[in-house]
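Below: the structure, in structure tokens.
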There are 2 protein chains.
Amino acid sequence: MLNQKREDSAVELSERKKKILRAVVESYIRTAEPVGSKALLELADLNVSSATIRNELADLTEQGYLEQPHTSAGRIPSPKGYRLYVNELMQEQRLSLEETKQINEALHLKMRELDKVIDQAGRMVSQLTNYPAFALAGNARKVTIRRFDLIMVDGNSFIVVVMTDSSVVRNKLIRLPVDLSEPQLQLLTTLLNTSFVGKTLDELTPELMRVAEHAAGSSYGLISLVVSFAMEVLEGLEHSAVYTAGTSHILDHPEYQDVGKAQKLMSYLSEEQALAESLPLPALGDDNTKILIGPENVAEELKDTSVVLASYDIGDGMKGVIGVVGPTRMDYAKVAAKLSYVADGLSKLFGQTELPPGKPEKEE
Amino acid sequence: MLNQKREDSAVELSERKKKILRAVVESYIRTAEPVGSKALLELADLNVSSATIRNELADLTEQGYLEQPHTSAGRIPSPKGYRLYVNELMQEQRLSLEETKQINEALHLKMRELDKVIDQAGRMVSQLTNYPAFALAGNARKVTIRRFDLIMVDGNSFIVVVMTDSSVVRNKLIRLPVDLSEPQLQLLTTLLNTSFVGKTLDELTPELMRVAEHAAGSSYGLISLVVSFAMEVLEGLEHSAVYTAGTSHILDHPEYQDVGKAQKLMSYLSEEQALAESLPLPALGDDNTKILIGPENVAEELKDTSVVLASYDIGDGMKGVIGVVGPTRMDYAKVAAKLSYVADGLSKLFGQTELPPGKPEKEE
DNA sequence: TTTAGCACTCTTCCTTCCTGAGTGCTAAAG
DNA sequence: CTTTAGCACTCAGGAAGGAAGAGTGCTAAA
């Protein structure tokens, strides 16, 4: 028990050990069954006997790359094993033409409202990978109002259009029990634009509202009606929403045959806020995909689960993240490839301006 | 085997039989365990022996109101039994003040965009009942465009605001690689409003667009850009969206300990389109809640599942539905009460105009 | 360092057996 | 005719006991 072998992760593994580790991981990913020395004879094509492989397996186990469910079972990768696999052994998966085509088509989304697109992207990823997926827009810095417009509809209703400095536009139809005149509305618009533009959510204080209301004179409580809508918009943007999709895919995988486990994970995934907060979004800076294996996750509920993340640019300096959740036995290569392809697609989608009128657009 | 007893559902049950049936249903709803004659001695307070109850149980079973999982188990209600219970025996559940308060608060929703409200309502119902829930807006009749407005933002971007005759307002920010002048935009607006107002989705033909584009002259492809957005809006409204929430609650119930079963139901629920189509929405006319027990459901996937529906008014003649899905062993009384309360709340929410400016609003 | 051989360990699966709950039937009592 | 007590019978579910088989670790030889 007290052996003093170096279990240091700095110790380089021999090529043969790596080959074996890789074979174990890939076989286990495919079959979800522990892998034994005999099976490895074929999988990793080494010209050695099963006994030799057994020795190597014992070493790998001792160094923490593999685990044994029980004495007479084969080996399965430990989180540390997966980590090494992901860092060094995994072959970058190239998507087939089929797959890229499929994704590209799906990315031609209708209704380009930010939140709908993000939601759709999440669903798409889930369907693509057969794992639960989530998508969220990075919560922006403080957002301010850029402008108000009021559009008269008829005697007693008008549309408020609010635009933020992040170029998000929201509108609302407001119906009133009293009549309104066009000049009144004009006046109101000017007043709103002079008093509230450039303000963040926190700066829209009740006092400010009261002052403005006073200036409005005859327009009673209209100011507060419009401004409170603007506040809802700002609030909505600061608490960036999380969209989850395909949670039922959890049940596809044998590691969640135990209903208790499945339930725990599923209900965690539906607490969208908690999920968003537990993601190490800042750490995503350099590379645009990140893989979190089992205990590397912050959230307790994800400790025996892996998460693959990819970030995309929404434009205007904002970032968003899409991700996939699954058992640690996950096809990292495939998932990472798909995710990153979708993320790139989203970035492009958000980056582009409308098609130039007149000239037909060029496909790249 | 060949007994000729009338199994006719027209046969009235004796009071005692009803009392027993009710006790069976309610006990089974609570415990999910088959109910035996001895247990019933206490549950239904009848001054008879267990042997008498056994006789009655045998009758009820023969008449199809109860079932026996196996010879030596107690009885559980059949769908027919639940139906009778729901129709005649169930006591209308009154919500506690606590509960109504909770619901009322949750109904004070922010961001009153139609789809967000509906989504939120679904989530709320799911949380309230601990069953998966869904919500949808009844797909409207043909929707047409009521008006267009274009708001200039700066040299090369503007906001399109489209309003439909169902008073839905949608907007989109359009950025162009070329410059635009205010007069150009004015012209465009008039053109759009004269050419496309009052048209349904089908009537927005490519020819119509071409004619208008020609009239626009110097404004190149702007017309088609704006109109295709309008088309997306109309399309979005016709394919009314379905929102599901809380599917993980399925796993809470012992009838879905079998992962296979749970998975089937869950993946059916996530096919939101199929779900919406299988609901007998027209049949919901008269009463505003409807209960579908097991095989009464149209969809094969819901045959051993119950669905409780409640409809609400969106205004403008449109209706929406919220519903809950669960095992046939469902607390119908409670669920129906909650659902109908929420539906009423939604109707009120949509019906109301904005608060009258000046006067403080009255609570009812 | 590699390999063959072999004893050993455990899980998994099957069979068997037992227990207890709940029934249906019969015959007596109201 | 209805109700009740008594009793034999059925059947699911759990415990116990093997038997089979996979895979290991160790030893000793190559």
Any side-chain N or O of A/Ser49 less than 4.0 Å from the OP1 or OP2 oxygen of C/dT2? no
For DNA chain C, whose closest nucleotide is more 5', that of B/Ser72 or that of B/Asn55? B/Ser72
CD of B/Gln68 versus C1' of D/dC9: gap in Å, rounded? 13 Å
To the side chain of A/Leu57, which of D/dT24, D/dC11, C/dA4 is closest? D/dT24
Specify the separation, in whole Å, of atom CD1 of A/Ile20 and atom C1' of D/dT24. 15 Å
Tell me: CG of A/Leu46 to P of C/dT2, nearest whole Å? 11 Å
Which stems, defined as runs of 3 or more consecutive Watson-Crick or G-U wobble pairs with both pairing distances under 3.5 Å, involve DNA chain D? C:1-30 with D:1-30
Please confirm whether B/Tyr82 and B/Tyr332 have ring centers closer than 6.0 angstrom. yes
N/O (side chain, B/Arg54) to phosphate O (OP1/OP2, D/dG6) under 4.0 Å: no
Does the B/Thr61 side chain pair with the main chain of B/Leu57, one donor and one acceptor, at a distance under 3.5 Å? yes
Kindly point out which of C/dT3, D/dT24, D/dT4 is positioned nearest to the side chain of A/Arg75? D/dT24
Correct closest heavy-atom pair for A/Tyr268 and A/Ala299 would be OH-CB, 3.1 Å
Going through the checks in order, is the side chain to side chain donor-acceptor pair (under 3.5 Å) test met by B/Ser49 and B/Thr52? CA-CA 5 Å; B/Ser49 73; B/Thr52 310; 3.3 Å; yes
Does A/Glu272 pair with B/Arg123 as a salt bridge, N-O distance under 4.0 Å? yes
Within the distance-only criterion (no hydrogens, no angle test), does the side chain of B/Glu88 pair as donor or acceptor with the backbone N or O of B/Leu84 below 3.5 angstrom? no
Between CD1 of B/Ile53 and P of D/dT2 the distance, given in whole Å, is 17 Å
Side-chain N or O of B/Arg16 closer than 4.0 Å to phosphate OP1/OP2 of D/dT3: yes
Write down the distance between CD (A/Glu33) and P (C/dT12), rounded to a whole number of angstrom. 10 Å
Roughly, in whole Å, what's the span from NZ in A/Lys38 to P in C/dG5? 12 Å
Salt-bridge present (A/Lys261, A/Glu255; N to O < 4.0 Å): no
Which sits closer to the 5' end of DNA chain D, A/Thr71 or B/Asn47, going by the nucleotide each is nearest to? B/Asn47
Atom CG of A/Leu43 and atom P of D/dG23: how far apart are they, to the nearest Å? 12 Å
Taken to the nearest whole Å, CD1/A/Ile76 to P/D/dA22 is 20 Å
Categorize A/Ser37 for me: base, sugar-phosphate, or nothing, with a 4.0 angstrom heavy-atom threshold over every strand shown. sugar-phosphate
What nucleic acid atoms does A/Ala73 come within less than 4.0 Å of, heavy atoms only: base, sugar-phosphate, or nothing? sugar-phosphate
Are B/Thr305 and B/Tyr256 close enough that a side-chain donor and a side-chain acceptor fall under 3.5 Å? yes
Between D/dA12, C/dC10, C/dT23, which nucleotide gets closest to the side-chain atoms of A/His70? C/dC10
